[in-house]
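Report on the following structure.
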Amino acid sequence: MAESGVPPVPSPAAMSYPTASMNLPTGTEVLRTYSGAFICLEIIFGALVWILVAASNVPVPVVQGWVMFVSVTAFACSLLLLLVFLTGFVHMIPTNWNFVDLAYHLTAFVFYFGAFVLEAAVTSLANLMRKENSTVIHLDNRMLGLNVAATIFAFTVTVCYGCSMVLGFRRWRS
């Protein structure tokens with residue numbers, strides 16, 4: 001029997017988890033921060049990259065398949081991260097949210113940078129004539145325009161992820 005007035009001994013499982021740490025507000029207040037605004041821009045422009053590449057009928061499936069994978073995955077993960085902050089789940093899951101934010105944005109930045117370079121390569125090499133080999137990507141003006149727009153928005157999303165990464169690094173360091 002436990003003595004009255006003596007607090008119970010905490011279990012080892014309860015003591016092994018760190019407390020949640022974060023410097024971002026939760027709820028709709030997160031949308032008033034630079035990080036929240038960048039996440040919203042990442043979602044919007046990432047969806048545009050996804051839509052524009054899909055609308056171009058994916059003329060180079062291997063390369064643009066990677067661009068589609070990165071844009072869809074980053075879109076879903078950014079939406080999930082925003083929902084975690086909007087709903088306040090960060091208070092229920094004990095982890096270092098500053099590090100999670102930094103690690104996610106660093107990974108997304110690296111992947112989106114690669115996707116941007118690949119999309120730019122497909123766009124710039126379209127209709128390039130070679131003398132020996134006829135492995136030319138023929139794009140009509142509509143598909144070329146869609147790929148140019150996808151390249152521009154992929155660059156924009158890459159910059160947004162880079163800015164979010166820098167902001168996350170500053171929060172994690174402090």
Does one hydrophobic cluster hold both V72 and I44, with members joined at side-chain heavy-atom distances below 4.5 Å? yes
Heavy atoms of F153 and L52 approach each other most closely as CD1-CD1, 3.6 Å
Around atom CG of D140, are there more than 12 heavy atoms of other residues, nucleotides or ligands at under 6.0 Å? yes
Stepwise, does the side chain to side chain contact (heavy atoms under 4.5 Å, CB included) test hold for H105 with I39? CA-CA 10 Å; H105 282 104; I39 291 175; 4.0 Å; yes
What distance do T158 atom OG1 and F45 atom CZ have between them, rounded to the nearest 0.5 Å? 12.0 Å
Does the plane of the ring in W97 sit parallel, tilted or perpendicular to the ring in F85? Use 30° and 60° as the thresholds. perpendicular
What one should report as the nearest heavy-atom pair of C40 and L82 is SG-CD2, 4.1 Å
Partners meeting side chain to side chain donor-acceptor pair (under 3.5 Å) with S164 (sequence neighbours left out): E42
Would you please test F169 and M165 for side chain to side chain contact (heavy atoms under 4.5 Å, CB included) and show each step? CA-CA 6 Å; F169 179 73; M165 180 188 62; 5.6 Å; no
Between N147 and M143 (side chain of the first, backbone of the second, donor and acceptor by atom type, cut-off under 3.5 Å), is there such a pair? yes
Heavy atoms of T26 and G88 approach each other most closely as CB-CA, 4.2 Å
Hey, could you give me the OG1/CG distance between T156 and L41, rounded to the nearest 0.5 Å? 9.5 Å
Do I51 and F69 share a hydrophobic cluster, counting only Ile, Leu, Val, Met, Phe, Trp and Tyr and linking them when any side-chain heavy atoms are less than 4.5 Å apart? no
Beyond-backbone contact of L83 with F89, side-chain heavy atoms, under 4.5 angstrom: no
Partner set under side chain to side chain donor-acceptor pair (under 3.5 Å) for S35, not counting sequence neighbours: R171
With sequence neighbours excluded, residues passing side chain to side chain contact (heavy atoms under 4.5 Å, CB included) with M68: W50, V53, A54
Applying side chain to side chain donor-acceptor pair (under 3.5 Å), can you list everything that pairs with T123, at least two apart in sequence or on another chain? T151
How long is the span from the OG atom in S56 to the CZ atom in R142, to the nearest 0.5 Å? 8.0 Å
As an exercise, state the distance from SG of C163 to CZ of F38, rounded to the nearest 0.5 Å. 4.0 Å
Going only through I, L, V, M, F, W and Y residues with side-chain contacts under 4.5 Å, is there a path from V30 to I93? yes
Verify the cluster assignment for V110 and F155: are they in a single hydrophobic cluster under the rule of side-chain heavy atoms below 4.5 Å apart? no
Are I43 and F116 joined in one hydrophobic group, where the rule is that I, L, V, M, F, W and Y side chains link up if heavy atoms are under 4.5 Å apart? no
Looking at side-chain heavy atoms only, is the closest gap between L31 and L86 below 4.5 Å? yes
What residue among L102, L167, D101 forms side chain to side chain contact (heavy atoms under 4.5 Å, CB included) with W172? L102
Please list, chain by chain and in numerical order, all residues satisfying side chain to side chain donor-acceptor pair (under 3.5 Å) with S71, sequence neighbours excluded. none
Can you give the donor-acceptor pairs under 3.5 Å from side chains of residues 74-81 to other protein atoms, not counting sequence neighbours?
| from | atom 1 | to | atom 2 | distance (Å) |
| --- | --- | --- | --- | --- |
| S78 | OG | A74 | O | 3.0 |
| S78 | OG | Y104 | OH | 2.7 |
| S78 | OG | Y161 | OH | 2.7 |

Nearest-0.5 Å distance, CD of residue E119 to OH of residue Y112: 10.0 Å
Any side-chain heavy atom of R32 within less than 4.5 Å of one from P25? no
